[in-house]
Amino acid sequence: MARKQANGASAASNGYSKKRSSVDSDDHDAKRPRLQESTDKTRWRLRSKGGRHTWHYLEDDEAAKEWPQSYADKYYLGMPLELPELPKATNPLDAVRNGLTFFEKLQLPEGHWGCEYGGPMFLLPGVVIARYVTGNPVPWYYATEIKNYLFARANPVDGGWGLHIEGESTMLGTTLNYTTLRLVGVEADHPVMVKARATMHKMGGAIYAPHWSKFWLTVLGVMKWDIVNPVPPELWLLPDWVPIAPWRWWIHMRQVFLPMSYLWSKKWQAEETDLIRELRKELFVEDWNMIDWAGNRNTIHPNDNYHPKSAFLNTVNWLLVNIWNPVFRTKYLVEKAEEWASELIKMEDENTDYSDLAPVNAAMNTVCCYARDGPGAYSVRRHVERLDEALWVNAEGMLCNGTNGVQCWDTAFAIQAIMDAGLTTDPRWRPMLIKSLEFLEDQQIRENAKHHEKGYRHPRKGAWAFSNKDQGYAVSDCVSEALKSVIILQKTPGFPTLIDDQRIFDAVDTMLTYQNPSGACSSYETPRAGQWMEVLNAAEVFGNIMVEYEYPECTTAVLTTLSLFKKHWPNHRTDEINTFITRAVKWIKGNQKPHGGWYGSWGICFTYATMFALESLASVGEMYETSKYAKKGCDFLISKQREDGGWSESYKACETGEYIEHPTGSQVVMTAWALIGLIKAKYPHLEPIKKGIKLLMDRQQPNGEWLQEAIEGVFNKSCMISYPNYKFVFPLKAMGLFATRYPDEKVV
Ligand code: LAN
């Protein structure tokens with residue numbers, strides 16, 4: 001098949017098959033990628049297989065001809081689509097149709113949607129460093145586009161990089177992205193580098209970087225291990241009942257701590273190269289040989305110190321460095337700890353076929369496998385291949401996504417948008433919907449993880465992950481949104497039952513495992529320890545990362561889906577579901593802020609969570625006229641509506657816990673969120689709703705699309721992340737809801 005050949009050609013030319021034994025200085029120059037001004041954008045293709053995304057650069061003309069660029073490829077790359085203008089929508093339903101006409105063009109052949117999932121500026125460096133130190137440098141076309149992306153994302157004023165794309169320059173962003181640029185072949189005297197270096201030096205040089213940056217730079221050999229606060233794998237030897245045992249930490253933290261602890265214990269560093277020696281000169285203000293490494297473990301620039309380490313942690317670190325390590329850390333203990341950490345790393349790799357939870361731990365696990373299994377090992381090669389699934393190419397260049405995609409999540413919302421517009425039975429959208437359903441069917445996780453108990457995994461049978469089943473981590477709201485969409489479609493006359501009742505029950509059974517004693521749901525697991533664990537938060541740059549928290553978004557999503565499920569299967573675990581619902585509703589009401597909104601942890605911010613809360617309350621019959629909670633939620637949203645009919649929230653709201661407007665004014669996505677909440681809650685006054693709908697219609701482009709505006713998502717309070725498909729699915733849903741609820745209302 002033409003496509004197969006094309007992919008094969010690309011895979012062979014990107015250098016994966018070349019086994020490199022070490023990163024020695026002799027062939028160092030040969031390994032520096034041949035940087036170019038730009039790649040030829042017409043040669044990039046996105047391939048999706050089994051929900052796995054990889055970008056391919058077709059250097060060969062024949063291959064490029066045989067595998068033409070799709071609309072989706074062109075769209076992601078920022079190339080003109082030359083789509084015709086659609087007849088101007090004069091009512092919301094026509095606007096939905098126009099939007100779907102555009103969005104349908106972006107659906108990938110397997111039935112889901114792809115997207116750039118960038119924002120965080122600390123992910124790409126991990127991937128590039130992992131590849132460099134394991135002797136798998138990125139091919140020239142990656143290098144070229146990584147350079148272009150990072151150049152484009154340098155702060156226009158000071159030339160540094162932040163924690164995320166909208167943030168001010170930090171040492172985490174600046175040290176790591178500067179280093180990345182050097183690793184991909186940019187010379188130190190390039191004006192962009194000179195400017196970034198000046199900022200880095202003004203901020204004190206790399207010794208002011210936070211823990212994660214110190215870790216990566218030490219692995220690379222640019223710093224010494226003494227500057228890295230201890231990451232003792234011995235913690236993994238603690239019995240499970242110990243309150244601070246790592247299995248109780250939030251999954252992302254323990255999966256990052258795990259490989260970090262292995263490499264820290266091994267004091268593993270890449271072999272020295274000329275480039276590493278150059279970086280030792282460039283990143284610091286002081287003479288590298290004179291740096292007091294141990295004395296600067298806690299040196300950190302204020303811009304990076306979002307969550308200063310607790311006095312308790314500082315004391316623990318002191319004790320570890322000065323007493324534990326020299327006196328009690330025996331060879332026997334070290335070996336046992338490293339062995340168990342290594343086994344846990346293996347379990348994570350096997351459970352996910354080396355794609356791992358997210359690119360942060362995937363990059364670290366890659367280095368661990370290299371250190372443990374050697375350069376040519378399958379584990380290293382497979383890791384390097386799978387790291388590619390998090391890389392994305394956009395108009396600016398190549399970046400690293402926060403996860404290996406947003407496949408299941410976006411597909412679920414796309415289906416719901418069509419359903420809310422009452423268009424599921426319209427044959428025009430049937431092919432798109434059938435493909436989406438097929439994708440969700442294919443992506444349902446059928447069994448618990450292989451190393452379920454030993455690897456401390458939460459049940460996942462019947463669940464959906466956020467991205468794909470290879471990654472395979474169930475998340476409470478991802479299961480809920482996907483299941484909701486499956487139920488909606490399969491209960492629509494004319495749609496096939498691809499997922500039988502038993503599989504639906506499996507999903508529900510897993511959802512029911514997610515409720516905490518309080519009635520709330522968390523993200524990946526139920527909390528395994530209390531918030532007090534934040535005293536061990538060593539990352540400095542994030543807040544609320546050590547344990548699972550209770551999230552209105554997660555709780556409300558599960559509630560809404562269980563309410564729907566109950567209608568169709570009233571006899572399945574009836575009492576448990578009813579109890580779950582009662583307790584969830586109680587928690588949601590108790591979690592409402594005094595101003596009437598709910599604080600969102602995964603989207604920005606009050607607008608996002610308030611939408612979910614109002615939708616879930618409506619699912620149990622609590623609406624504006626019948627519930628003081630729903631009324632207060634609506635009144636809160638209305639109080640934030642802007643003159644032009646839109647809503648606009650800034651990421652600053654997530655950091656501060658106060659509603660703060662975005663300086664660029666009304667945002668399509670937030671306007672849609674607010675409208676969905678209001679319409680679901682049956683807010684009785686139509687004028688504000690119509691004004692909002694009009695704004696969405698006015699912002700729609702003649703070809704049916706909406707343009708990208710400010711960033712939509714967040715995690716760990718301080719880091720922002722893009723959800724580009726939200727600008728489609730939520731406006732479509734809001735307008736569709738309006739059209740079905742008020743078919744006779746005129747907006748324009
Ligand atoms: C995500 C993305 C999806 C998100 C939702 C499903 C939207 C949410 O409702 C639950 C939490 C979840 C699954 C989530 C958790 C944290 C993630 C994985 C991310 C924000 C994407 C990237 C982020 C991850 C932690 C990034 C790596 C950073 C570390 C601090 C380890």
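None of these values were measured; they are calculated from a predicted model. Numbers here are sequence positions counted from 1. Counting starts at 1 for both ligands and their atoms, following the listed order.
At a heavy-atom distance under 4.0 Å, no atom of Tyr551 approaches ligand 1. Here Cys719 has no heavy atoms under 4.0 Å from ligand 1, in either its backbone or its side chain. Within the 4.0 Å heavy-atom criterion, neither part of Phe612 lies near ligand 1. The proximity of Leu357 to ligand 1, defined as any non-hydrogen pair under 4.0 Å, does not occur for either the backbone or the side chain. Contact annotation: for Ile545 versus ligand 1, there are no heavy atoms closer than 4.0 Å.
The structure places NE2 of His252 at 3.0 Å from OH of Tyr524, a figure rounded to the nearest 0.5 Å.
For residues 526-552, the pairs satisfying salt bridge (charged side-chain N to carboxylate O under 4.0 Å, His left out) are Lys309-Glu540, Glu525-Arg528, with sequence neighbours left out.
Near Thr403, meaning under 4.0 Å from any of its heavy atoms, are these atoms of ligand 1: 21 (C). Counting the atoms of ligand 1 from 1 in the order shown, those under 4.0 Å from a heavy atom of Trp212 are 29 (C), 30 (C), 31 (C). For ligand 1 and Val360, the ligand atoms under 4.0 Å from any heavy atom of the residue are 27 (C), 28 (C).
For atom 4 (C) of ligand 1, the nearest protein heavy atom (residue, atom name, distance) is Tyr723 OH, 4.1 Å. In terms of protein heavy atoms, atom 3 (C) of ligand 1 is closest to Phe466 CE1, 3.3 Å. Closest to atom 1 (C) of ligand 1, if we only count protein heavy atoms, is Tyr117 OH, 4.0 Å.
Distances between N or O atoms of Trp250 and those of ligand 1 include no value under 3.5 Å.
With hydrogens and angles ignored, the 3.5 Å screen pairs a side-chain donor or acceptor of Ser261 with a backbone N or O of Leu258. No side-chain donor-acceptor contact under 3.5 Å links Gln407 to the backbone of His112.
For Trp602, there are no side-chain hydrogen bond (donor to acceptor under 3.5 Å, both in side chains) partners two or more places apart in sequence or in a different chain.
Considering Trp409, Phe715, Trp602, Tyr473 only, the shortest heavy-atom separation from atom 15 (C) of ligand 1 involves Trp602.
The side chain to side chain contact (heavy atoms under 4.5 Å, CB included) test with Phe606 is passed by exactly one of Trp673, Trp598, Tyr659: Tyr659.
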| Hey, mind stepping through Glu348 and Asn361 against side chain to side chain donor-acceptor pair (under 3.5 Å) and telling me if it holds? | CA-CA 10 Å; Glu348 161 74 346; Asn361 79 320; 2.9 Å; yes

